[in-house]
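From a predicted model like this one, the values you see are computed outputs, not experimental measurements.
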Amino acid sequence: MLLVVGRVRCEPEQREELIAQLQKMQEASRREEGCIRYGFFAAVEDAHSFIAVEEWEDREALDRHFAQPHLQEFSVKLLELVSDRPEIAIHEISGTSAFAGDS
């Protein structure tokens, strides 16, 4: 499994348009084959920063995601709306287990 974590920040006047683009991207990506979870979340410390958390079955699924037309369109619009360069990290997960406190 792959875990992708991203972060973007916008200026206050771009916030509503950025949220609309994030929602559109989230909805389209969740329908893709190999997508386990996909979501954007507001950062607690900064109302103009958003965190992306994505889980993909494997590298092939993520590569297909990167080739999707909706991602290409989103990337162009995103760069017009953000105030800083987006940060993206891809993590390969070898295993996952439940939290021991979950009883």
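- For the salt bridge (Lys or Arg N to Asp or Glu O under 4.0 Å) condition, no pair includes a residue of residues 69-88, sequence neighbours left out.
- In plain terms, the two heavy atoms of R59 and F66 that are nearest each other are NH2-CE1, 4.1 Å.
- Heavy-atom minimum distance, A42 versus F50: CA-CD2, 3.8 Å.
- Put simply, the side chain of E55 never gets that close to the backbone of V4: no donor and acceptor are under 3.5 Å apart.
- Under a 4.0 Å N-O distance rule, the pair R9/E45 does not qualify as a salt bridge.
- For the pair M1 and W56, the tightest heavy-atom approach, listed with the atom from each and the gap, is CG-O, 3.2 Å.
- No continuous path of hydrophobic side-chain contacts links L71 to L79 [ILVMFWY only; heavy atoms under 4.5 Å].
- In plain terms, the two heavy atoms of L81 and Q21 that are nearest each other are CD1-CG, 3.8 Å.
- Considering only heavy atoms from C-beta on, L78 comes within 4.5 Å of P86 through its side chain.
- Taking each heavy atom of A61 and G34 in turn, the nearest pair found is CB-CA, 3.8 Å.
- Connection of L22 to V5 is not established within any shared hydrophobic cluster, with ILVMFWY side chains joined at heavy-atom distances below 4.5 Å, either directly or through further cluster members.
- Looking only at side-chain heavy atoms (C-beta outward), V53 and R37 stay at 4.5 Å or farther from each other.
- For the atom pair SG (C10) and CG (D46), the distance works out to 8.5 Å, reported to the nearest 0.5 Å.
- Annotation: side chain of E54 is not in contact with side chain of S29 (no heavy-atom distance under 4.5 Å).
- The local environment of CD in E92 is sparse, with at most 12 non-hydrogen atoms from other residues, nucleotides or ligands closer than 6.0 Å.
- Side-chain contact annotation: H65 with E60, donor-acceptor N/O pair under 3.5 Å absent.
- Residue pairs satisfying the salt bridge (Lys or Arg N to Asp or Glu O under 4.0 Å) criterion with at least one member in residues 11-31, sequence neighbours excluded, are absent.
- Residues Q68 and F74 are not in side-chain contact: their nearest non-hydrogen atoms beyond the backbone lie 4.5 Å or more apart.
- Side-chain atoms of F40 and M25, non-hydrogen and from C-beta on, do get closer than 4.5 Å to each other.
- Here the straight-line distance linking atom CD1 of I93 with atom CG of L3 works out to 5.0 Å at 0.5 Å rounding.
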**Study point:** side chain to side chain contact (heavy atoms under 4.5 Å, CB included) evaluation trace for L62 with I90
**Key:** CA-CA 10 Å; L62 183 59; I90 301 171; 4.0 Å; yes
